[in-house]
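Worth saying up front: this structure is predicted, and the values here are computed from it rather than measured.
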Amino acid sequence: MTSYFLSWLNSGGANAVEPKPPVPEIISEEVTTELDDDEPPAFPALNSIQRSSGNSNDVVPSVTLDSLAMPPPPVPVNRRSNGLSSLSSVVQASSISSLTPPPVTTKRMPNTNTKAKARAKVALAPGHSPLDWARLKSSGEDLRGGVTELMRITPSELKEHRTRDDAWAAFGGKVYNITPYLPFHPGGEKELMRVAGRDGTKLFMTTHSWVNLDFMLDGCMVGFLVPEDS
């Protein structure tokens with residue numbers, strides 16, 4: 001009994017404070033929310049300087065597309081009344097396919113030369129092509145019909161040479177012996193014989209104004225056409 005009392009005094013006696021048992025720490029579980037992988041990240045980032053320094057009330061400007069900023073051009077209205085397709089048919093044709101060609105708006109040029117009949121080329125005999133005529137000219141053969149020097153020819157003298165074997169014609173004041181050229185004429189001998197024995201300048205300019213006659217018949221020239229009283 002004495003030993004128990006001494007040990008009690010040494011330990012502090014009645015003033016000794018019994019140690020309190022440790023309070024267990026309560027750990028709160030944080031609820032984590034898994035992020036959706038398909039959700040895009042915030043821009044600017046939540047902890048970025050732009051977001052911290054900017055005003056949260058700022059409105060993000062909307063992006064205006066070109067199709068909304070500039071409307072498509074209006075469809076041209078066809079104001080002509082000459083039988084062309086109407087505006088509705090043009091819109092309908094364009095909506096069917098983008099590969100549809102546009103409507104034709106040009107008109108055919110009117111034929112002002114109503115008196116002239118259609119000309120057709122005649123099938124020439126073998127060896128009478130334009131190339132064969134060029135060879136004949138350069139061969140040195142006499143194409144003037146025996147005329148050795150240029151003459152002064154009146155219309156009455158010209159009229160005497162209007163047969164198939166002896167045909168002369170005047171073009172632009174120059175007289176040519178067209179006899180060797182008759183089988184080479186693309187329009188046929190009959191058409192060329194229309195100017196035999198006379199001045200064929202007007203007919204030639206109506207049908208062959210683009211042809212270089214001086215070069216084509218230079219080897220057939222026999223003289224110049226002059227008035228009767230000269």
Side-chain angles (χ1 to χ4, degrees), residues 80-85 93 97 99-230:
R80 298 182 180 178
S81 59
N82 54 357
L84 299 178
S85 57
S97 174
L99 300 179
T100 304
V104 179
T105 58
T106 57
K107 296 188 299 182
R108 187 184 297 273
M109 294 296 295
N111 185 13
T112 57
N113 189 11
T114 56
K115 296 182 180 180
K117 57 182 180 180
R119 296 179 289 107
K121 290 186 177 182
V122 177
L124 302 177
H128 293 82
S129 65
L131 184 58
D132 294 325
W133 173 251
R135 291 196 189 102
L136 181 61
K137 284 198 331 174
S138 59
S139 64
E141 184 177 345
D142 181 20
L143 302 178
R144 292 186 171 91
V147 177
T148 56
E149 60 181 10
L150 298 179
M151 302 180 297
R152 296 168 61 89
I153 304 171
T154 60
S156 59
E157 294 174 346
L158 179 63
K159 193 175 183 179
E160 297 175 0
H161 302 271
R162 54 181 180 177
T163 63
R164 171 63 184 79
D165 299 329
D166 183 19
W168 287 7
F171 301 100
K174 299 177 182 180
V175 181
Y176 299 92
N177 177 28
I178 61 174
T179 307
Y181 185 69
L182 287 174
F184 293 88
H185 185 242
E189 297 182 8
K190 183 178 179 180
E191 288 295 320
L192 189 56
M193 284 299 295
R194 293 173 59 188
V195 296
R198 68 186 186 93
D199 189 356
T201 304
K202 183 177 179 180
L203 181 60
F204 174 80
M205 295 303 296
T206 304
T207 57
H208 300 81
S209 58
W210 61 89
V211 177
N212 189 350
L213 183 64
D214 293 333
F215 175 75
M216 186 174 60
L217 298 178
D218 55 351
C220 304
M221 185 176 177
V222 294
F224 298 94
L225 186 64
V226 294
E228 292 287 348
D229 53 352
S230 58

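Applying the side-chain hydrogen bond (donor to acceptor under 3.5 Å, both in side chains) test to E157 and every residue at least two apart in sequence or in another chain returns nothing. Residues forming a side-chain hydrogen bond (donor to acceptor under 3.5 Å, both in side chains) with T163 (at least two apart in sequence, or on another chain): none. Shown here are the side chain to side chain contact (heavy atoms under 4.5 Å, CB included) partners of V147, two or more places apart in sequence or in another chain: R144, M151, W168, V222. Here F184 pairs with H128, W133 under the ring-ring contact (aromatic ring centres under 6.0 Å, His included) rule; sequence neighbours left out. Residues satisfying the side chain to side chain contact (heavy atoms under 4.5 Å, CB included) test with P130, not counting sequence neighbours, are none.
Interatomic distance, L136 CG to L131 CG, rounded to the nearest 0.5 Å: 11.5 Å. Atom CG in L217 sits 10.0 Å away from atom CG in N212 (nearest 0.5 Å). To the nearest 0.5 Å, atoms CD (E191) and CG (L182) are separated by 12.0 Å.
Although no hydrogens or angles enter the test, the distance criterion places a donor-acceptor pair under 3.5 Å between the side chain of E228 and the main chain of S156. No donor-acceptor distance shorter than 3.5 angstrom exists from the side chain of S209 to the backbone of T206, with no hydrogens or angles considered. Under the 3.5 Å distance criterion, the side-chain polar atoms of K137 are left unmatched by any main-chain donor or acceptor of D218.
Shown here for G172 and T201, the closest heavy-atom pair between the two residues is N-OG1, 2.8 Å. Across all their heavy atoms, P180 and C220 have their closest contact at CG-SG, 4.2 Å. A pairwise comparison of heavy atoms in V195 and A169 identifies O-CB, 3.3 Å as the closest pair. Smallest separation of non-hydrogen atoms from L150 and M221: CD2-O, 3.7 Å. In terms of heavy-atom proximity, L225 sits nearest to D199 at CD2-OD2, 4.1 Å.
By the 4.5 Å heavy-atom criterion applied to side chains, H161 and N177 are not counted as neighbours.
Listed by first then second residue, pairs satisfying side-chain hydrogen bond (donor to acceptor under 3.5 Å, both in side chains) with a partner in residues 180-189 read R164-E189, not counting sequence neighbours.
Counting non-hydrogen atoms of neighbouring residues, nucleotides and ligands closer than 6.0 angstrom, the CZ atom of R198 exceeds 12 such neighbours.
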Next on the checklist: Evaluate Y176 against D214 for side chain to side chain contact (heavy atoms under 4.5 Å, CB included), listing each step before the verdict.
Outcome noted: CA-CA 10 Å; Y176 299 92; D214 293 333; 2.9 Å; yes
